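These numbers come from a predicted model, not from an experiment.
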Amino acid sequence: MKQPIVFFDSGMGGTTLLREAQTLFPHEDLFYYGDTAHVPYGSKSESQILDLVTQATKKIQPLDPKALVLACNTATTVAAKSLRESLSYPVIGMEPAIKPALKKEAQSGKRVLLIATQITCQGQKLRDQKAQHDPKGLLDILPTPDLVDLAEVLDFSQASLEGVLHKINASFPLENYSGLVLGCTHFIFFKEALKKSLPQVHIYDGNAGTLRQVQRKIQGRENPPHYQGQTTLYFSAPLSPEKIDFFKTYLPKDFNLEED
């Protein structure tokens with residue numbers, strides 16, 4: 001591989017970002033690292049998460065990355081600052097699309113709900129973003145770990161999603177909201193189903209903003225147009241045949257698979 005852009009996630013959630021990156025960066029080598037041996041991260045302590053992410057960066061170091069994308073809101077919350085201080089290449093983190101959601105929905109008279117993992121919801125990074133972008137106090141925040149668990153077992157059924165929405169609605173009646181921010185890349189697997197279940201609610205995620213930041217960070221170091229980029233998927237625990245088949249359908253381009 002030729003100085004790949006590395007995407008890191010606790011499991012398979014970051015492939016929602018990788019999917020878009022394959023189209024946006026056709027001439028770049030892309031390397032995806034899914035720490036499936038330790039998923040989920042959202043229920044772990046910050047020290048555990050920092051240690052796991054740090055160990056992963058040691059494994060990708062020989063790849064000489066062009067950039068590291070923390071395609072995981074939880075890992076971004078805990079580890080982004082430390083990694084930027086210790087690594088020589090750019091580190092791009094995920095940020096929930098709070099700013100565009102609040103800007104657009106402020107005129108509706110309704111509220112915006114952010115759903116994410118426990119760590120992301122409790123993190124200082126999110127509190128800082130809320131203080132900066134939510135002067136009217138329109139944003140509510142709810143940990144929703146069930147969606148991570150469902151995604152990791154490829155359960156995207158409408159029935160399971162409706163069960164999660166019922167739990168959300170019990171605490172935050174969804175008729176009061178015009179915007180829903182997906183603060184975890186795992187949740188993006190449910191984006192189209194959420195649109196069908198909540199047609200009155202605008203759904204937001206941070207993928208587009210993250211990839212724009214990647215573009216800025218690698219500007220001037222892009223591979224030449226004649227170079228055909230390759231994608232490699234690496235997972236820290238073996239994938240089931242069902243997951244391999246899923247990725248073959250989900251990702252728009254072919255990939256090489258590596259496992260421990």
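- A pairwise comparison of heavy atoms in Ala116 and Gly183 identifies CB-O, 3.6 Å as the closest pair.
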Open item on the list: Test side chain to side chain donor-acceptor pair (under 3.5 Å) on Ser197 and Gln158; report intermediate values, then the result.
Closed with: CA-CA 9 Å; Ser197 295; Gln158 199 69 31; 2.5 Å; yes
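- A donor-acceptor contact shorter than 3.5 Å links the side chain of Ser108 to the backbone of Glu105.
- At most 12 non-hydrogen atoms from other residues, nucleotides or ligands lie less than 6.0 angstrom from CG of Asp254.
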Task: side-chain contact (heavy atoms from CB on, under 4.5 Å) between Leu142 and Leu114, worked out - done: CA-CA 6 Å; Leu142 178 67; Leu114 166 71; over 6 Å; no
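- No donor-acceptor pair under 3.5 Å is formed between the side chain of Thr231 and the backbone N or O of Gly229.
- Of the options Arg111, Lys130, Lys110, a salt bridge (Lys or Arg N to Asp or Glu O under 4.0 Å) to Asp140 is made by Arg111 and by none of the others.
- More than 12 heavy atoms of other shown residues, nucleotides or ligands fall within 6.0 angstrom of atom NZ in Lys191.
- With hydrogens and angles disregarded, a donor-acceptor distance shorter than 3.5 Å links the side chain of Thr36 to the backbone of Ala237.
- A side-chain donor from one of Ser160 and Asp155 sits under 3.5 Å from a side-chain acceptor of the other.
- Between the side chains of Glu95 and Thr76, not a single donor N or O lies within less than 3.5 Å of an accepting N or O.
- The distance between the ring centers of Phe156 and Phe246 falls below 6.0 angstrom.
- Shortest non-hydrogen contact noted between Ala79 and Leu50 is CB-CD1, 3.8 Å.
- Distance check, rounded to the nearest 0.5 Å: CG of Asp9 to CG of Leu17 gives 9.5 Å.
- A donor-acceptor pair is defined here as one N or O able to donate and one able to accept, closer than 3.5 Å; such a pair exists between the side chain of Glu152 and the backbone of Met12.
- In this structure, Val69 and Leu18 have side chains that are not in contact, with every pair of non-hydrogen atoms separated by 4.5 Å or more.
- Side-chain contact check for Leu147 versus Thr144: some heavy-atom pair is nearer than 4.5 Å.
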Open item on the list: Checking Leu211 against Phe25 for the side-chain contact (heavy atoms from CB on, under 4.5 Å) test, could you report, in this order, the C-alpha distance in whole Å, the side-chain angles of both residues, the deciding distance, and whether it holds?
Closed with: CA-CA 10 Å; Leu211 292 176; Phe25 303 115; 4.0 Å; yes
- [ ] Please test Tyr33 against Phe8 for ring-ring contact (aromatic ring centres under 6.0 Å, His included), starting from the C-alpha separation and ending with a verdict.
- [x] CA-CA 5 Å; Tyr33 187 123; Phe8 174 84; 5.4 Å; yes
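- Atom CZ of Arg84 has more than 12 heavy atoms from other residues, nucleotides or ligands within 6.0 Å.
- Salt-bridge check for Glu85 with Lys81: passed, with a basic side-chain N closer than 4.0 Å to an acidic carboxylate O.
- Side-chain atoms of Tyr41 and Asp35 include a donor-acceptor pair closer than 3.5 Å.
- Nearest heavy atoms, Cys72 versus Met94: N-CG, 3.5 Å.
- A distance-only check finds a donor-acceptor pair linking the side chain of Asp29 to the backbone of Gln230 [under 3.5 Å].
- Leu68 CG to Lys217 NZ: the interatomic distance, rounded to the nearest 0.5 Å, is 12.5 Å.
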Open item on the list: side chain to side chain donor-acceptor pair (under 3.5 Å) for Thr117 and Thr120? Distances and angles first, verdict last.
Closed with: CA-CA 5 Å; Thr117 65; Thr120 299; 3.2 Å; yes
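- Here the side chain of Lys44 pairs a donor or acceptor atom with the backbone of Pro40 at under 3.5 angstrom.
- Without hydrogens or angle criteria, Thr16 side chain to Ile188 main chain gives no donor-acceptor distance under 3.5 Å.
- Between Glu222 and Lys66 there is no salt bridge, since no side-chain nitrogen of the basic residue lies less than 4.0 Å from a carboxylate oxygen of the acidic one.
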- [ ] Quick one: do Gln219 and Arg216 satisfy side chain to side chain donor-acceptor pair (under 3.5 Å)? Show the steps, please.
- [x] CA-CA 5 Å; Gln219 190 171 13; Arg216 287 191 286 267; over 6 Å; no
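- The six-membered or imidazole ring of Phe247 lies near that of Phe235, with a centre-to-centre distance under 6.0 Å.
- A side-chain donor-acceptor contact under 3.5 Å links Glu28 to the backbone of Asn223.
- Atom CG in Leu257 sits 9.0 Å away from atom NZ in Lys248 (nearest 0.5 Å).
- The distance from the CG atom of Asn73 to the CG atom of Leu126 is 9.5 Å, given to the nearest 0.5 Å.
- Annotation for Tyr32 and Gly14: closest pair OH-N, 3.1 Å, computed over non-hydrogen atoms.
- In this structure a side-chain-to-backbone donor-acceptor pair under 3.5 Å is present from Asp134 to Leu139.
- Annotation for Gln129 and Pro96: closest pair OE1-CD, 3.8 Å, computed over non-hydrogen atoms.
- The side chain to side chain contact (heavy atoms under 4.5 Å, CB included) with Leu194 is formed by just one residue from the set Val201, Val164, Leu182; it is Leu182.
- Taking the centre and axis of the six-membered ring of Tyr227, the NZ or CZ atom of Lys2 falls inside the cone set by 45° and 6.0 Å.
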Open item on the list: Run Thr232 and Phe255 through side-chain contact (heavy atoms from CB on, under 4.5 Å) and show every step you take.
Closed with: CA-CA 5 Å; Thr232 298; Phe255 57 86; over 6 Å; no
Task: Stepwise side chain to side chain donor-acceptor pair (under 3.5 Å) check, Ser43 with Gln118 - done: CA-CA 7 Å; Ser43 57; Gln118 189 78 35; over 6 Å; no
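- More than 12 non-hydrogen atoms from other residues, nucleotides or ligands lie less than 6.0 angstrom from CD of Gln124.
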Open item on the list: Run the side-chain contact (heavy atoms from CB on, under 4.5 Å) test on Gln200 and Tyr177 for me, step by step, so that the C-alpha distance in whole Å, both residues' side-chain angles and the decisive distance to 0.1 Å come before the verdict.
Closed with: CA-CA 9 Å; Gln200 78 285 5; Tyr177 296 86; over 6 Å; no
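- Listed here is the closest heavy atom pair of Leu70 and Val91: CD1-CG1, 4.0 Å.
- Taking 4.5 Å as the limit, every side-chain heavy atom of Leu30 sits out of range of all side-chain heavy atoms of Pro4.
- Separation of atoms NZ (Lys125) and CD1 (Ile119) is listed at 14.5 Å; rounding is to 0.5 Å.
- Put simply, CD1 on Ile115 and SG on Cys121 are 9.0 Å apart, with the number rounded to the nearest 0.5 Å.
- A donor-acceptor distance shorter than 3.5 angstrom exists from the side chain of Arg19 to the backbone of Tyr250, with no hydrogens or angles considered.
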